[in-house]
Chemist: 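Take a look at the following structure, please.
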Amino acid sequence: MVHFIQVGFLLICSVFSLYGQTDARSQKIMDEVVDKFKSYAGVQVDFSLTITNLQDNSEEEQKGKIWLKNEKYKLELPDNILFFDGTKLYQYYPDVNEVNINQPDLEEVNDDEDIQLLHPQTIFNLSSKKFKSNLVKESTQYNRPVYEIDLYPVQLKTTKYSRIRLYIERNKLQIVYLKAFLKDGTQYTITFSPYNVTNALPDTFFTFDKSKHPGVEIIDLTL
(Lines give C-alpha, C1' and ligand atoms only; values in the text may rest on other atoms or scores of the structure.)
Protein backbone atom coordinates (compact mmCIF):
# COMPACT_ATOMS: atom_id res chain seq x y z
CA MET A 1 0.00 0.00 0.00
CA VAL A 2 2.93 2.35 0.62
CA HIS A 3 3.66 1.88 -3.08
CA PHE A 4 0.36 3.47 -4.02
CA ILE A 5 0.94 6.38 -1.67
CA GLN A 6 4.33 7.04 -3.25
CA VAL A 7 3.05 6.66 -6.80
CA GLY A 8 0.39 9.18 -6.29
CA PHE A 9 -1.76 9.42 -3.16
CA LEU A 10 -3.15 7.89 -6.09
CA LEU A 11 -6.54 11.36 -2.18
CA ILE A 12 -8.31 14.29 -2.94
CA CYS A 13 -9.48 16.10 -6.03
CA SER A 14 -12.60 16.05 -8.09
CA VAL A 15 -15.54 15.29 -5.83
CA PHE A 16 -18.03 12.62 -5.17
CA SER A 17 -21.10 11.78 -7.19
CA LEU A 18 -22.83 9.03 -5.30
CA TYR A 19 -26.23 8.07 -6.56
CA GLY A 20 -27.47 4.56 -7.27
CA GLN A 21 -29.37 2.96 -4.41
CA THR A 22 -29.03 5.75 -1.85
CA ASP A 23 -31.38 7.25 0.68
CA ALA A 24 -32.72 10.65 -0.34
CA ARG A 25 -31.02 12.67 2.41
CA SER A 26 -27.54 11.24 1.87
CA GLN A 27 -27.89 11.82 -1.87
CA LYS A 28 -28.81 15.46 -1.23
CA ILE A 29 -25.75 15.91 1.03
CA MET A 30 -23.49 14.34 -1.59
CA ASP A 31 -24.86 16.64 -4.27
CA GLU A 32 -24.22 19.65 -2.07
CA VAL A 33 -20.65 18.54 -1.38
CA VAL A 34 -20.05 18.14 -5.12
CA ASP A 35 -21.37 21.62 -5.88
CA LYS A 36 -19.37 23.17 -3.03
CA PHE A 37 -16.09 21.58 -4.08
CA LYS A 38 -16.57 22.53 -7.73
CA SER A 39 -16.95 26.16 -6.67
CA TYR A 40 -13.38 26.28 -5.35
CA ALA A 41 -10.78 27.82 -7.66
CA GLY A 42 -8.11 25.89 -5.77
CA VAL A 43 -7.64 24.24 -2.41
CA GLN A 44 -4.87 23.15 -0.03
CA VAL A 45 -5.38 20.48 2.62
CA ASP A 46 -3.18 18.85 5.27
CA PHE A 47 -3.90 15.17 5.81
CA SER A 48 -2.82 12.07 7.68
CA LEU A 49 -3.29 8.51 6.47
CA THR A 50 -3.21 5.57 8.87
CA ILE A 51 -3.18 1.98 7.59
CA THR A 52 -4.12 -0.58 10.25
CA ASN A 53 -3.80 -4.33 9.78
CA LEU A 54 -6.02 -6.07 12.31
CA GLN A 55 -4.49 -9.47 11.52
CA ASP A 56 -1.02 -8.63 12.85
CA ASN A 57 -1.92 -5.45 14.80
CA SER A 58 0.51 -3.39 12.68
CA GLU A 59 0.00 0.27 11.84
CA GLU A 60 1.57 2.69 9.37
CA GLU A 61 1.05 6.43 9.27
CA GLN A 62 1.79 8.97 6.53
CA LYS A 63 1.31 12.73 6.76
CA GLY A 64 1.41 15.29 4.03
CA LYS A 65 -0.05 18.28 2.23
CA ILE A 66 -1.89 18.48 -1.04
CA TRP A 67 -2.84 21.34 -3.37
CA LEU A 68 -5.62 20.86 -5.94
CA LYS A 69 -6.87 22.74 -8.95
CA ASN A 70 -9.31 20.98 -11.24
CA GLU A 71 -7.51 17.79 -12.35
CA LYS A 72 -4.08 19.06 -11.24
CA TYR A 73 -2.41 18.42 -7.89
CA LYS A 74 0.80 18.79 -5.93
CA LEU A 75 1.41 16.35 -3.10
CA GLU A 76 4.09 16.69 -0.41
CA LEU A 77 5.03 13.55 1.51
CA PRO A 78 7.92 13.05 3.95
CA ASP A 79 10.22 11.43 1.37
CA ASN A 80 9.02 12.80 -1.97
CA ILE A 81 6.98 15.45 -3.71
CA LEU A 82 4.57 14.75 -6.56
CA PHE A 83 3.40 17.14 -9.25
CA PHE A 84 0.56 16.23 -11.61
CA ASP A 85 -0.10 18.75 -14.39
CA GLY A 86 -3.14 16.96 -15.75
CA THR A 87 -1.13 14.72 -18.05
CA LYS A 88 2.26 13.88 -16.55
CA LEU A 89 3.19 12.86 -13.00
CA TYR A 90 6.54 14.13 -11.67
CA GLN A 91 7.81 12.27 -8.61
CA TYR A 92 10.70 14.14 -7.00
CA TYR A 93 13.04 12.67 -4.36
CA PRO A 94 14.88 15.54 -2.61
CA ASP A 95 17.36 13.30 -0.76
CA VAL A 96 18.88 12.03 -4.02
CA ASN A 97 17.85 14.98 -6.23
CA GLU A 98 16.06 12.73 -8.71
CA VAL A 99 12.73 13.03 -10.50
CA ASN A 100 10.78 10.28 -12.26
CA ILE A 101 8.29 11.28 -14.94
CA ASN A 102 5.29 9.07 -15.68
CA GLN A 103 2.05 9.39 -17.59
CA PRO A 104 -0.68 7.73 -15.48
CA ASP A 105 -3.01 5.31 -17.19
CA LEU A 106 -6.47 6.72 -16.50
CA GLU A 107 -8.10 3.38 -17.28
CA GLU A 108 -5.92 1.75 -14.62
CA VAL A 109 -6.91 4.45 -12.14
CA ASN A 110 -10.57 3.84 -12.87
CA ASP A 111 -10.27 0.05 -12.58
CA ASP A 112 -7.87 -0.45 -9.64
CA GLU A 113 -9.62 -0.23 -6.26
CA ASP A 114 -6.42 0.52 -4.32
CA ILE A 115 -5.59 3.44 -6.59
CA GLN A 116 -9.17 4.67 -6.49
CA LEU A 117 -9.07 5.02 -2.72
CA LEU A 118 -5.74 6.85 -2.67
CA HIS A 119 -5.79 8.84 -5.89
CA PRO A 120 -6.46 12.58 -5.73
CA GLN A 121 -8.61 12.35 -8.83
CA THR A 122 -10.91 9.67 -7.46
CA ILE A 123 -11.05 9.99 -3.69
CA PHE A 124 -13.86 12.53 -4.06
CA ASN A 125 -15.33 10.88 -7.09
CA LEU A 126 -16.31 7.43 -5.86
CA SER A 127 -18.34 5.95 -8.66
CA SER A 128 -22.10 5.93 -8.34
CA LYS A 129 -22.03 2.61 -10.19
CA LYS A 130 -19.96 0.99 -7.44
CA PHE A 131 -21.42 2.36 -4.21
CA LYS A 132 -24.72 3.10 -2.55
CA SER A 133 -24.89 5.50 0.38
CA ASN A 134 -26.79 5.81 3.64
CA LEU A 135 -26.89 8.62 6.20
CA VAL A 136 -26.13 6.94 9.53
CA LYS A 137 -26.37 9.86 11.96
CA GLU A 138 -25.16 13.33 12.85
CA SER A 139 -22.37 13.67 15.40
CA THR A 140 -19.30 15.71 16.36
CA GLN A 141 -15.76 14.76 15.32
CA TYR A 142 -12.62 16.82 16.09
CA ASN A 143 -14.94 19.53 17.45
CA ARG A 144 -16.63 19.74 14.05
CA PRO A 145 -20.33 18.84 13.56
CA VAL A 146 -20.54 16.12 10.92
CA TYR A 147 -22.80 13.86 8.90
CA GLU A 148 -21.76 10.22 9.10
CA ILE A 149 -22.45 8.51 5.78
CA ASP A 150 -21.77 4.87 4.97
CA LEU A 151 -20.91 3.71 1.46
CA TYR A 152 -21.60 0.10 0.54
CA PRO A 153 -20.29 -1.60 -2.60
CA VAL A 154 -23.02 -2.51 -5.05
CA GLN A 155 -21.03 -5.58 -6.13
CA LEU A 156 -19.93 -6.78 -2.70
CA LYS A 157 -18.62 -10.15 -3.90
CA THR A 158 -16.12 -8.64 -6.35
CA THR A 159 -14.76 -5.75 -4.30
CA LYS A 160 -12.08 -5.55 -1.58
CA TYR A 161 -14.18 -3.22 0.56
CA SER A 162 -16.96 -4.12 2.94
CA ARG A 163 -17.76 -0.50 3.84
CA ILE A 164 -16.45 3.07 3.71
CA ARG A 165 -17.59 5.64 6.26
CA LEU A 166 -17.39 9.35 5.42
CA TYR A 167 -17.51 12.14 7.99
CA ILE A 168 -18.66 15.36 6.32
CA GLU A 169 -18.69 18.68 8.18
CA ARG A 170 -22.25 19.91 8.19
CA ASN A 171 -21.62 23.64 7.94
CA LYS A 172 -18.79 23.73 5.40
CA LEU A 173 -19.67 20.53 3.50
CA GLN A 174 -16.05 19.36 3.73
CA ILE A 175 -14.71 15.89 4.43
CA VAL A 176 -13.33 15.65 7.97
CA TYR A 177 -12.14 12.08 7.50
CA LEU A 178 -13.00 8.76 5.97
CA LYS A 179 -12.51 5.23 7.17
CA ALA A 180 -12.41 2.29 4.77
CA PHE A 181 -12.93 -1.28 5.95
CA LEU A 182 -11.44 -4.03 3.79
CA LYS A 183 -12.49 -7.67 3.84
CA ASP A 184 -8.95 -8.79 4.73
CA GLY A 185 -8.99 -6.89 8.02
CA THR A 186 -7.12 -3.83 6.80
CA GLN A 187 -8.49 -0.38 7.61
CA TYR A 188 -7.57 2.96 6.02
CA THR A 189 -8.25 6.14 7.99
CA ILE A 190 -7.65 9.47 6.26
CA THR A 191 -8.04 12.67 8.29
CA PHE A 192 -8.27 16.08 6.61
CA SER A 193 -7.65 19.55 8.00
CA PRO A 194 -10.19 22.27 7.16
CA TYR A 195 -9.75 23.20 3.49
CA ASN A 196 -7.71 26.29 2.68
CA VAL A 197 -9.46 27.69 -0.39
CA THR A 198 -7.29 29.82 -2.66
CA ASN A 199 -7.19 31.24 -6.18
CA ALA A 200 -3.40 31.74 -6.08
CA LEU A 201 -2.40 28.47 -7.75
CA PRO A 202 -1.04 29.03 -11.29
CA ASP A 203 -0.75 26.01 -13.59
CA THR A 204 3.06 26.15 -13.27
CA PHE A 205 2.68 25.31 -9.57
CA PHE A 206 1.76 21.76 -10.61
CA THR A 207 4.76 21.15 -12.88
CA PHE A 208 8.26 20.21 -11.73
CA ASP A 209 10.70 23.07 -12.49
CA LYS A 210 14.17 21.60 -13.02
CA SER A 211 15.74 25.08 -12.97
CA LYS A 212 15.00 25.22 -9.23
CA HIS A 213 16.90 21.97 -8.64
CA PRO A 214 20.43 22.25 -10.10
CA GLY A 215 21.96 18.91 -11.00
CA VAL A 216 18.69 17.00 -10.74
CA GLU A 217 18.67 13.59 -12.43
CA ILE A 218 15.64 13.23 -14.68
CA ILE A 219 14.30 9.76 -15.47
CA ASP A 220 11.60 10.15 -18.09
CA LEU A 221 9.60 6.94 -18.26
CA THR A 222 7.23 8.39 -20.86
CA LEU A 223 9.86 8.18 -23.65
Side-chain angles (χ1 to χ4, degrees), residues 5-19 27-49 62-94 99-104 106 109-110 115-128 141-147 149 166-178 190-213 216:
I5 299 171
Q6 292 176 338
V7 172
F9 198 62
L10 289 176
L11 205 138
I12 307 179
C13 185
S14 297
V15 225
F16 20 120
S17 292
L18 301 174
Y19 304 95
Q27 178 174 325
K28 182 176 184 294
I29 294 168
M30 296 294 187
D31 289 343
E32 290 174 347
V33 172
V34 170
D35 292 341
K36 186 70 173 180
F37 198 92
K38 286 182 177 180
S39 73
Y40 299 151
V43 65
Q44 185 273 320
V45 184
D46 294 347
F47 69 88
S48 66
L49 165 65
Q62 184 83 269
K63 293 186 177 182
K65 299 177 183 248
I66 189 162
W67 293 259
L68 302 146
K69 179 183 177 181
N70 299 323
E71 77 282 1
K72 303 175 179 64
Y73 66 84
K74 177 182 176 181
L75 174 67
E76 286 190 0
L77 296 171
D79 298 323
N80 57 92
I81 304 171
L82 294 96
F83 304 79
F84 182 65
D85 62 8
T87 302
K88 291 185 176 181
L89 178 66
Y90 304 79
Q91 188 172 2
Y92 176 58
Y93 298 91
V99 63
N100 293 337
I101 305 175
N102 288 280
Q103 189 163 345
L106 296 181
V109 170
N110 290 331
I115 295 179
Q116 283 181 346
L117 187 63
L118 296 177
H119 197 294
Q121 304 302 335
T122 58
I123 191 66
F124 292 109
N125 195 25
L126 296 169
S127 173
S128 62
Q141 301 289 336
Y142 301 101
N143 296 316
R144 299 162 72 180
V146 299
Y147 298 112
I149 294 178
L166 295 173
Y167 297 79
I168 299 171
E169 186 168 0
R170 298 202 305 267
N171 300 327
K172 296 183 178 180
L173 295 173
Q174 297 178 358
I175 297 178
V176 175
Y177 75 97
L178 68 79
I190 307 174
T191 305
F192 302 96
S193 68
Y195 301 176
N196 178 23
V197 179
T198 176
N199 58 5
L201 295 175
D203 289 346
T204 53
F205 182 80
F206 302 95
T207 300
F208 180 79
D209 186 349
K210 65 180 181 180
S211 68
K212 295 181 180 178
H213 306 277
V216 64

Chemist: Which value, rounded to the nearest 0.5 Å, describes the distance between T207 atom OG1 and D85 atom CG?
Modeler: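 Reported to 0.5 Å precision, the distance equals 4.5 Å.
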Chemist: Which of these passes side chain to side chain contact (heavy atoms under 4.5 Å, CB included) with L178: I168, I149, I190?
Modeler: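 Of the listed options, the one satisfying the test is I190.
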Chemist: Keeping Q103 on the side-chain end and K88 on the backbone end, is there a donor-acceptor pair under 3.5 Å?
Modeler: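 Here the side-chain-to-backbone pair does not exist.
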Chemist: Hey, could you give me the CG/CG distance between L75 and N80, rounded to the nearest 0.5 Å?
Modeler: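 Spacing of CG (L75) from CG (N80) equals 7.5 Å.
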Chemist: Do L89 and L82 have side chains that get closer than 4.5 Å, going by heavy atoms?
Modeler: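 With C-beta onward as the side chain, the pair touches.
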Chemist: I'd like to know if the side chain of D209 and the backbone of S211 have a donor-acceptor N/O pair within less than 3.5 Å.
Modeler: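 Yes.
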Chemist: Between K36 and E32 (salt bridge meaning N to carboxylate O under 4.0 Å), is one present in this structure?
Modeler: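 Salt bridge: no.
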Chemist: Would you please name every residue forming a salt bridge (charged side-chain N to carboxylate O under 4.0 Å, His left out) with D46, sequence neighbours left out?
Modeler: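 D46 satisfies salt bridge (charged side-chain N to carboxylate O under 4.0 Å, His left out) with K65 only.
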Chemist: Pick one: which of W67, F84, F83 meets ring pair (Phe, Tyr, Trp, His ring centres under 6.0 Å) with F205?
Modeler: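 Of the listed options, the one satisfying the test is W67.
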Chemist: Between Y142 and V176, what is the shortest heavy-atom contact and its length?
Modeler: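 Y142 and V176 have their closest heavy atoms at CD1-CG1, 3.7 Å.
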Chemist: Distance check, rounded to the nearest 0.5 Å: Q174 atom CD versus E169 atom CD?
Modeler: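 The CD atom of Q174 sits 6.0 Å away from the CD atom of E169.
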Chemist: Restricting to ring-ring contact (aromatic ring centres under 6.0 Å, His included), what partner residues turn up for Y90, sequence neighbours left out?
Modeler: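 Checked Y90 against ring-ring contact (aromatic ring centres under 6.0 Å, His included); zero matches.
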Chemist: Please lay out, stage by stage, how N100 and Y92 fare under the test side-chain contact (heavy atoms from CB on, under 4.5 Å).
Modeler: CA-CA 7 Å; N100 293 337; Y92 176 58; over 6 Å; no
Chemist: Over all heavy atoms of both residues, which pair between P94 and D79 is shortest? Give the atoms and the distance, please.
Modeler: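 What the structure gives for the nearest pair is CD-O, 3.6 Å.
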Chemist: To check you understand the geometry: which heavy-atom pair defines the closest contact between E71 and G86, and what is its length?
Modeler: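 The pair with the smallest heavy-atom distance is CG-CA, 3.7 Å.
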Chemist: Output the distance between atom NZ (K28) and atom OH (Y147), rounded to the nearest 0.5 Å.
Modeler: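 The OH atom of Y147 is 7.0 Å from NZ of K28, to the nearest 0.5 Å.
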Chemist: Test side-chain contact (heavy atoms from CB on, under 4.5 Å) on V43 and F37; report intermediate values, then the result.
Modeler: CA-CA 9 Å; V43 65; F37 198 92; 4.0 Å; yes
Chemist: Might you point out which heavy atoms bring F206 and K72 nearest each other, and give the distance in Å?
Modeler: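 Scanning both residues, the minimum pair turns out to be CG-CB, 3.7 Å.
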Chemist: Could you tell me which non-hydrogen atom of P202 sits nearest to which non-hydrogen atom of A200, and how far apart they are?
Modeler: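 Result for this residue pair: CD-O, 3.5 Å.
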Chemist: Determine whether a donor-acceptor pair (N or O, by modelled atom type, separation under 3.5 Å) exists between the side chain of Y40 and the backbone of L68.
Modeler: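 Here the side-chain-to-backbone pair does not exist.
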Chemist: Find the distance between CD (Q44) and CD (E76) and round it off to the nearest 0.5 Å.
Modeler: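 Taking CD in Q44 and CD in E76, the distance rounds to 8.5 Å.
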Chemist: Closest heavy-atom contact between P78 and Q62?
Modeler: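 Taking P78 first and Q62 second, the nearest heavy atoms are CD-OE1, 2.8 Å.
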Chemist: Roughly how far, to the nearest 0.5 Å, is OG1 of T87 from CD1 of I101?
Modeler: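 With rounding to 0.5 Å, CD1 (I101) is 12.5 Å from OG1 (T87).
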Chemist: Listed by chain and number, what are the ring-ring contact (aromatic ring centres under 6.0 Å, His included) partners of Y167, not counting sequence neighbours?
Modeler: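 Once residues adjacent in sequence are excluded, the partners of Y167 under the ring-ring contact (aromatic ring centres under 6.0 Å, His included) criterion are Y177.
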Chemist: Among T198, N199, D203, which residue meets the side-chain hydrogen bond (donor to acceptor under 3.5 Å, both in side chains) test with K69?
Modeler: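 Between K69 and the candidates, side-chain hydrogen bond (donor to acceptor under 3.5 Å, both in side chains) is satisfied uniquely by D203.
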Chemist: What verdict does the side-chain contact (heavy atoms from CB on, under 4.5 Å) test give for I81 and F208, after you've listed the backbone C-alpha separation in whole Å, the side-chain angles of each residue and the deciding distance to 0.1 Å?
Modeler: CA-CA 9 Å; I81 304 171; F208 180 79; over 6 Å; no
